[in-house]
Each structure stands twice: as structure tokens, then as C-alpha cells.
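Accompanying notes for the structure given below.
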Amino acid sequence: MRQLLVIVLAAGEGTRMLSSLPKVLHAVAGRPMVSHVLDAALAAGAAKIAVVVGPDHDKVAAEVRRVAPDAEVFVQSERRGTAHAVLAARSALERGYDDVVVMYGDTPLVRPETIGALRGPLAGGAAVTVLGFRPDDPFGYGRLVTQGGALVAIREEKDASEAERAIGLCNAGLMALDGRAALDILDRIGDANAKKEFYLTDAVEVARGLGRASMVHEAAAEEVVGVNSRAQLAEAEAILQGRLRRRALDGGVTLVAPETVFLSADTSFGRDVIVEPNVVFGAGVRVEDSATIRAFSHIEGAHVGAGAIVGPFARLRPGAELGQGVHVGNFVEIKASDLAPGVKVNHLSYVGDTSVGANTNIGAGTITCNYDGFRKHRTTIGANAFVGTNSLLVAPVTVGDGAYLGTGSVITEDVPADALAIGRARQVNKPGLAARLRAKLSAGLAPKK
Ligand code: UD1
Ligand code: MG
């Protein structure tokens, strides 16, 4: 087993994003770009990950620690080029790994298989492997100069001759280096070029000078899309959504109109799930076998049990736990609540910070009043209970198993099991009063002579 060090360059300013958020923290499919890159590095079996961040990028460092707690973070205090950035991780390189792979934090769609493919030639003796691709417009990319099958140089746009600019095969940015030679190669790179930067791409010519070979591995342009602007962020999002929808379909999910369903990188589906059009899955959603998510629902941080039906027009917020066969219908919002198997909340309700026991029916227009303006409180409703239409449950409050709440109740006190509770004023009928009022009004409104 060859040991792998992945170095992620994430020191970019992201000027063209026009954002106060560091570029690599912008999300695709609900996950920061740098986290996608870390996921790929971990899945590719990295023994160590080093992330190079810019000065004042504490937020990037915090996200790295969250996703990959064993990763090391290095600060590149001055931006002096991609080779200079890699050398910010010098102490990691000095430990001596078999393979070193350099990735960009703003190139979020690279798959672990591709990292593996880049490493392949190193085991066969190559010093460097570069990920190549053929963009529609090569302008701005480093061109891969090849002789026979071998890569002999990478020429940056600003340094390229006219003949080199005509080359369609470009540098995607990912590079694998022989870990035993990497430091030696990197330390020999100079800054004698148009931008006066230390170019990582010069590793190819340096290796050649040392009598070592470099290779190209070609990837689809889609996989190596780099994000420098909001338009490119949207492009990456579209590509990743395509991949995630495909993964769901291949995993046995029916997406009636796939292009209208938005998924997160971590959305998980059982088999025979049906998702109707126009549904958004935020981060942290798990949907079990044979559940149906009906049109126009918005779901995040929620668990949908087997056979449950959600929507149309439902909102599940973080901490919504729906047991088997639960029904959550139109214009219903569930937050931080456990709904046991068979619970029905079919219309126009808000259920927050609540536990509901099995087979309880929550009538239309029910609201759990969980916030008193200062603190959140919990509502507990037992099993086999019936909550009448348009009830307000003022938390903290507990309703026992089998209890029955009358329509329009304001429940401020606990209700014992199997009790009937009516929490509203009694209706009063005053015979004839409406007619007398009407007569008075019409007399008063008659035109004056
Ligand atoms: C680089 C490549 C080019 C390739 C292109 C693909 C070099 C010299 N050129 O060019 O061949 O076609 O990417 O997109 O490598 N970074 C740092 N510190 C630095 C400089 C860069 O961390 O001092 C990071 C950036 O944040 C970015 C990545 O390295 O994530 C690439 O840098 P960028 O300036 O975008 O390089 P390009 O000119 O696009
Ligand atoms: Mg770039």
C-alpha cells in the first residue's frame, strides 16, 4: 500500500465572487466546495491531508477541522504562486509519503477514482502525473506540451508561444508527484516567468531535467470545472445536481421530473422512494423505503420513515423525525419533533419541539406554541390521541395517551390520558338579537328628509 499525502490549495482570495465569504466555503449541493474536495481525498484513501489557506482564513480552517479533523492546516501568508503554496506544507512533505497529490479547493467535482488514476503512473516510475482536459475554450489554462505519450512541459497562457496556444489539451490543476522526489523538484522551481510566480506546473520540466518522466491522465471537462465566479458556481451546481439525480435514480428512486429536484451531497434514499416534481432536499436528509415526497416540499435535517407521505407543500426542518407510515400534508411545518409511526398531520399545522405518540391524529390548523418570546418549550402528545381542528397547545404541556382535544381548544394545562379536554369559551346564542340589531342599523342609516 502506497501512502498518500493530499495537499489542498485553498489560499485564493476569490475576488471575482464579490463575497465576504472565502471562495472555497461557497457551497455546491449544500456543502462547501473545500469539503467536497476533502471528501474526495478521504475517499481516495489519503493517509494525510494538508490544506493551505490564506491569512485570515480562520473560517476555512474551522470547516477543514469539522470535515477532516486529522487534516493539517498551513497558512500561505503571501500569494506567490501554486508551487509556493504547495511548499507552505513543507513539514508534511518532509515526512516523506509515496505519493503526493495536489488539488484545488475551488475545483469541487473531482472524483476519488480520478485521484486514484493520477497516482497509477507514479507506481510505474513516473515523477509527475498531470490531470488534463479539453475545454471548449483553452484561453487562460496551462497547455500540456507532449512528445509521443509523454508530457514534456506545461506552458501558462502568458508564457506560451503561438504554437503552444494552439494546443487544446490543458492543465486542470490536479497533479500527482512522486513523494520521494517532490520536495527536491519543488525547491528547484523558480519564478522566471511573465507573472513572476512560482508555478507548480514547472514541476514537469524540472523533473525532465532530472531525467524523470511525466504523464497525463485525461478527465472530462465537467469533472474539473473550477469556480472563480458565481456563474461558475452555478455551473458546478448544475453538474453536481445531475450526478446526484443520476445516483438516486440508479439507486432505485423514482424522480418524476429529475431536473426539478434539488439534492444535497448527503441526501440518502431507500428503495422505491417516489419524489414528485419541485422538491428541495437540504443537508442531512434520510428517506426510507417506499416513502413518497409529494410536490413542492422543502426538507432539511430530517428523517422520513418507511412508507411515510410528505407534502405536497410540506416543510420539514432540522430534527423532524417521521416514523413509519406518518402522513404530513399540505402547508404543514415540522421542526425538532418526533412523530411516531402512523401519526397524521395532514393540513395547515405547525409542530415544533414536540413528541407525538403512535397513530395520533393532529387536526387541521393545529399550532404548538413552543416559544414564549424568551425560551423554547416542549409539547408531548401521547399515542392514539386526537387533537381537534385549530387547537393551540401552549408549551410546556403534556397530553396523555388516548386523550381527545375539542376543536378550537387552547390547551394550557396537561391533559390526562383518555380525557376529553375542551379549552375554549362556551358558545352563547341570543335569540332574535341579530334581527333587532339589523333593524336598528337600517333605521339609523335611512336618508334624512
Ligand atoms: C492554474 C495552473 C494552470 C491551470 C489552471 C487550472 C499554475 C501556474 N497554473 O492557473 O496551468 O490550467 O490552474 O484552473 O499552477 N493558489 C494558492 N496560492 C497561490 C496561488 C494559487 O493557494 O499563491 C491556489 C488558488 O487559490 C487556486 C489554485 O491555487 O485554488 C490555482 O491558482 P490560480 O491562480 O487560479 O491559477 P491559474 O492561473 O488559474
Ligand atoms: Mg484559476
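Counting starts at 1 for both ligands and their atoms, in listed order. All residue numbers refer to positions in the sequence shown, counting from 1.
Listed by number with element, the atoms of ligand 1 under 4.0 Å from a non-hydrogen atom of A172 are 6 (C). Atoms of ligand 1 lying under 4.0 Å from any heavy atom of Y104, numbered from 1 in the order shown and given with element: 1 (C), 2 (C), 13 (O), 15 (O), 28 (C), 29 (O), 30 (O), 31 (C). Per-residue contacts place T82 under 4.0 angstrom from the following atoms of ligand 1 (heavy atoms of the residue considered): 7 (C), 8 (C), 15 (O), 20 (C), 21 (C), 29 (O), 31 (C), 32 (O). Interface of A85 with ligand 1, defined as ligand atoms under 4.0 Å from a residue heavy atom, comprises 17 (C), 18 (N), 22 (O). Atoms of ligand 1 found under 4.0 Å from any heavy atom of D106, numbered from 1 in the order shown, are 27 (C), 30 (O).
Only side-chain heavy atoms of K195 come within less than 4.0 Å of ligand 1; its backbone N, CA, C and O stay farther off.
Note that atom 23 (O) of ligand 1 has protein non-hydrogen atoms nearby, at separations under 4.0 angstrom.
Residues E156 and K158 are not paired through a salt bridge, judged by the lack of any N-O separation under 4.0 Å between the basic side chain and the carboxylate.
Between Y141, Y199, F133, it is Y141 that holds the heavy atom closest to atom 14 (O) of ligand 1.
Looking only at heavy atoms of the protein, atom 33 (P) of ligand 1 is closest to R79 NH2, 4.6 Å.
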Inset, instruction - Starting from the C-alpha separation in whole Å, work towards a yes-or-no answer on ring pair (Phe, Tyr, Trp, His ring centres under 6.0 Å) for F269 and F281. - result: CA-CA 11 Å; F269 293 110; F281 292 92; 5.3 Å; yes
Legend entry - Derivation of the side chain to side chain contact (heavy atoms under 4.5 Å, CB included) call for L393 and V399: CA-CA 9 Å; L393 292 113; V399 175; 3.7 Å; yes
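Between F313 and F331, the two ring planes are parallel [angle under 30°; tilted spans 30° to 60°].
Taking any N or O of N228, backbone or side chain, none lies under 3.5 Å from an N or O belonging to ligand 1. Among the atoms of A10, none of the N or O lies under 3.5 angstrom from an N or O of ligand 1. The N/O atoms of G81, backbone and side chain alike, include one that comes under 3.5 Å of an N/O atom in ligand 1. Close N/O approach between N171 and ligand 1 is found [any backbone or side-chain N/O within under 3.5 Å]. Geometrically, ligand 1 and E78 share no nitrogen or oxygen pair separated by less than 3.5 Å. In terms of polar-atom proximity, defined here as any N/O pair under 3.5 Å, G12 does make such a contact with ligand 1.
Under a 4.0 angstrom heavy-atom cut-off, V52 registers as lying outside contact with ligand 1. H84 does not count as a contact of ligand 1, since none of its heavy atoms falls under 4.0 Å from the ligand. The closest approach between a heavy atom of C170 and any atom of ligand 1 is not below 4.0 Å. Proximity of G226 to ligand 1 is not established, as no heavy-atom distance is less than 4.0 Å.
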